[in-house]
Amino acid sequence: MKSPVVLGIETSCDETAVALYRRGEVLAESVHSQVDIHRYYGGVVPELASRDHAGYLRAVAAEVLQGWEGSIDLVCATRGPGLIGGLLVGLTWARAYAFGQGLPFVGVHHLAGHLAAPLVDPEFTLEPPAIALVASGGHTLLYDLTAWGEVRVLGGTRDDAAGECFDKAARMLNLGYPGGPAIQSAAAKHEGPAVKLPRPMLKRGLEMSFSGLKTALLTEVQSRPQPLDESTVNELAYAVQDAIVDVLLTKLRKALEVTGRKRVLIGGGVAANQPLRDGVAALENDGFEVYIPARKYCTDNAAMIAAAGLIQFERTGPDPLNAPAQARWDLQDFWPLTPS
Ligand code: KG4
Ligand code: ZN
């Protein structure tokens, strides 16, 4: 029997995304990005985000559905964590579609989506157990992925997420929004020595902290001649990227060491960062098996939500149609460890 066809919807932040997915394959997808709206404010404005999702979701879904002539077997939408207004838009649309078509529905944890992103690649072969680093605008966590649908949290940030640190650093350096890609391209222009910014909590287990780094950058910015010239901006972009990537790679290596796992996955928007990707890829030289998703499946997309939803459907069946949106939601409540 052919694998089920899954309709995925993602509206938890600033991307209205819809995809049709079958195991190992994206059949159709469309993403409407809100970057141009939020750029003006230097960050995501929740009210504008939900209005834009409400305005575009129908059109984005129609674009994906109109080219598909086969059947659909399951409908999945991000149910949390995220911005509540956007979650409600996607969830309501998805539940209504499932009800209207008589299809089962699953509400998906956004970070399970980031973990499941590799499954959209037909070439992907790495199987759990694996250590997974998820670094996005709202979360930075290290997981022991013991099986698809089962995770143990190993550590994470105590304050700001890595992506948030990229975004705030870009604001301080007047590089615009979203900050990650802007910091990366300014950093790539830097040549020669650069100031070394602190790596908070580097030696403290698998916990992380990025808010001190943000303060250190601000102090550094204020100590330089104003307005900052381009080479200073590039140097400071390099310095902050170097510190964030160093912390993430150090903690990832430590997680591998303490668990003895041999496989590594990364996901979330920050996993689109080139120096981080290079650093993770280099783990292969030390005998680790590594999978790094294509950039467009690191940032928010709906195919990953469909992939995680299918895993969940096969484990626990459909959700009731009144499953609520949740702004906060612990991944371990969605993908708990099976007691051994
Ligand atoms: O996963 P994602 O698309 O949305 C959330 O779930 O938050 O992640 C967005 C985050 C933003 O903070 C953005 O600045 C960061 O991912 N990001 C990057 C890069 N591309 C996106 N950070 C560093 N380097 C990049 N190339
Ligand atoms: Zn995300």
Side-chain angles (χ1 to χ4, degrees), residues 8-17 19 31-35 38-39 42-44 46 49 53 77-83 86-87 90 108-118 120 132-141 143 156-157 160-173 175-188 210 213-214 237-249 265-280 292-308 327-329 331:
I9 315 283
E10 156 61 38
T11 56
S12 68
C13 189
D14 60 350
E15 248 100 40
T16 313
V31 182
H32 161 71
S33 168
Q34 302 180 351
V35 161
H38 304 299
R39 190 193 306 278
V44 178
H53 286 304
T78 307
R79 188 159 84 73
L83 301 173
L87 289 170
V108 177
H109 192 293
H110 183 77
L111 298 183
H114 279 304
L115 287 173
V120 309
L133 168 69
V134 178
S136 69
H139 299 89
T140 303
L141 285 148
Y143 294 107
T157 181
D160 293 354
E164 195 177 346
C165 192
F166 271 109
D167 293 336
K168 287 183 176 158
R171 258 164 102 161
M172 285 180 222
L173 298 173
L175 287 170
Y177 169 86
I183 293 278
Q184 184 185 316
S185 65
F210 293 102
L213 172 58
K214 190 180 63 189
Y238 174 89
V240 76
Q241 175 178 264
D242 193 48
I244 296 171
V245 170
D246 189 14
V247 170
L248 294 175
L249 289 174
L265 297 175
I266 61 169
V270 177
N273 182 264
Q274 194 57 48
L276 178 63
R277 295 165 78 85
D278 293 344
V280 173
I292 301 170
R295 277 197 181 74
K296 74 170 188 172
Y297 296 118
C298 291
T299 51
D300 289 349
N301 66 91
M304 70 180 195
I305 298 302
R328 290 174 180 277
W329 193 7
L331 180 58

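Side-chain atoms are counted along with the backbone in the values below, which use heavy atoms only and exclude waters and symmetry mates. By convention here, the first residue in the shown sequence is residue 1. Whatever order the structure lists ligands and atoms in, that order sets their numbers, starting from 1.
- Donor-acceptor pairing under 3.5 Å is recorded for the side chains of Asn273 and Gln241.
- Taking the six-membered ring for Trp and thresholds of 30 and 60 degrees, His38 and Tyr177 have ring planes more than 60 degrees apart, a perpendicular arrangement.
- The N/O atoms of His114, backbone and side chain alike, include one that comes under 3.5 Å of an N/O atom in ligand 1.
- Closest to atom 10 (C) of ligand 1 among all protein heavy atoms lies Gly137 N, 3.5 Å.
- A distance of 5.5 Å separates CG of Leu276 from CG of Leu248, quoted to the nearest 0.5 Å.
- Scanning all protein heavy atoms for the shortest distance to atom 13 (C) of ligand 1 gives Asp167 OD1, 3.8 Å.
- Interatomic distance, CG of Asp300 versus OG1 of Thr78, reported as 8.0 Å (0.5 Å rounding).
- In this structure, a donor-acceptor pair under 3.5 Å is absent between the side chains of Asp14 and His53.
- Residue contact annotation: His114 places an N/O/S atom under 2.8 Å from the Zn ion (ligand 2).
- Nearest N, O or S atom of His110 to the Zn ion (ligand 2): atom NE2.
- Among the atoms of Gln274, none of the N or O lies under 3.5 angstrom from an N or O of ligand 1.
- To the nearest 0.5 angstrom, Ile244 atom CD1 is 4.0 Å from Phe166 atom CZ.
- Between Gly269 and ligand 1, an N or O atom pair is found at a separation short of 3.5 Å.
- For the pair His110 and ligand 1, a heavy-atom separation below 4.0 Å is found.
- Of the heavy atoms in Asn273, both backbone and side-chain atoms come closer than 4.0 Å to ligand 1.
- Contact atoms of ligand 1 toward Ala272: 20 (N), 26 (N) (distance under 4.0 Å to a heavy atom of the residue).
- Ligand 1 lies less than 4.0 angstrom from a heavy atom belonging to Pro181.
- Annotation: atom 26 (N) of ligand 1 to nearest protein heavy atom, Gln184 OE1, 2.9 Å.
- More than 12 heavy atoms of other residues, nucleotides or ligands sit less than 6.0 Å from atom CZ of Arg277.
- For the side chain to side chain donor-acceptor pair (under 3.5 Å) with His110, the lone residue among Arg79, Glu10, His139 that qualifies is Glu10.
- We find the CG-SG distance between Leu213 and Cys165 to be 4.0 Å, quoted to the nearest 0.5 Å.
- Within the 2.8 Å limit, His139 places no N, O or S atom next to the Zn ion (ligand 2).
- Near Gly163, the atoms of ligand 1 lying under 4.0 angstrom from a non-hydrogen atom of the residue are 12 (O).
- One N or O on the side chain of His109 and one on the backbone of Trp329 form a donor-acceptor pair closer than 3.5 Å.
- Distance from atom 4 (O) of ligand 1 to its nearest protein heavy atom, with residue and atom name: Asp300 OD2, 3.1 Å.
- In terms of polar-atom proximity, defined here as any N/O pair under 3.5 Å, Gly180 does make such a contact with ligand 1.
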One pair to check against side chain to side chain contact (heavy atoms under 4.5 Å, CB included): Leu175 and Ile183. What are the steps and the verdict? CA-CA 7 Å; Leu175 287 170; Ile183 293 278; 4.0 Å; yes
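- Closest to the Zn ion (ligand 2) among the N, O or S atoms of Asp300 is OD1.
- Numbered from 1 in the order shown, with element, the atoms of ligand 1 that lie under 4.0 Å from a heavy atom of Gly138 read 7 (O).
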